[in-house]
Amino acid sequence: MAVIYVWGLNILIRTALSDEFAHASGRHYDNDQGRFATPHSDALDANENKKLVEAIERILG
């Protein structure tokens, strides 16, 4: 499990500090594929996004 967390942290550092992502604003980086890709269809669905935000707000109270 620790390796997964380190990899996850690595991509966050790369996206924040690396020139590799300097022109990537608004694009989806698929960490599993290691490249920019089309997001999952649910991520592009306004209704699904609304339901997600509502669920998060319920949890956070």
Side-chain angles (χ1 to χ4, degrees):
M1 285 290 244
V3 173
I4 294 169
Y5 295 128
V6 171
W7 176 251
L9 180 59
N10 183 40
I11 192 61
L12 292 175
I13 292 169
R14 283 175 48 211
T15 57
L17 304 175
S18 171
D19 288 339
E20 174 184 6
F21 295 92
H23 302 288
S25 180
R27 297 182 65 198
H28 171 71
Y29 185 81
D30 186 323
N31 197 36
D32 293 330
Q33 296 182 29
R35 64 182 177 85
F36 290 99
T38 303
H40 187 279
S41 60
D42 285 349
L44 302 173
D45 184 317
N47 189 49
E48 291 298 320
N49 281 286
K50 182 180 179 208
K51 290 190 304 188
L52 176 61
V53 169
E54 289 169 350
I56 291 169
E57 288 174 343
R58 276 193 309 276
I59 291 168
L60 296 177

Exercise for review: Any chance you could lay out the side-chain contact (heavy atoms from CB on, under 4.5 Å) test for E57 and V53, step after step, and finish with the verdict?
Suggested key: CA-CA 6 Å; E57 288 174 343; V53 169; 3.7 Å; yes

Practice item. Grab the two heavy atoms, one from D30 and one from D32, that are nearest each other, plus how far apart they are. Key: OD1-N, 2.9 Å

Practice item. Check whether any side-chain heavy atom of F21 lies under 4.5 Å from a side-chain heavy atom of R14, and answer yes or no. Key: yes

Review point. Is it true that atom CG of N47 has more than 12 heavy atoms of other residues, nucleotides or ligands lying nearer than 6.0 Å?
Key: yes

Exercise for review: Group every Ile, Leu, Val, Met, Phe, Trp and Tyr by side-chain heavy-atom contacts under 4.5 Å, then state whether L44 and L52 land in the same group.
Suggested key: no

**Study point:** Nearest non-hydrogen partners of A24 and F36, listed with the distance
**Key:** CB-CZ, 3.5 Å

Review point. Does L12 offer a backbone N or O that forms a donor-acceptor pair with the side chain of T15 under 3.5 Å?
Key: yes

Check your understanding: Who are the side-chain hydrogen bond (donor to acceptor under 3.5 Å, both in side chains) partners of E54, not counting sequence neighbours?
Key -> none

Exercise for review: Please confirm whether the backbone N or O of A43 pairs with a side-chain atom of N49, one donor and one acceptor, at under 3.5 Å?
Suggested key: yes

Review point. Which value, rounded to the nearest 0.5 Å, describes the distance between T38 atom OG1 and R27 atom CZ?
Key: 10.0 Å

Check your understanding: Sub-3.5 Å donor-acceptor pair from the side chain of D45 to the main-chain atoms of E48, do we have one?
Key -> yes

Point to revise | Backbone N/O of G34 and side chain of Y29: donor-acceptor pair under 3.5 Å | key: yes

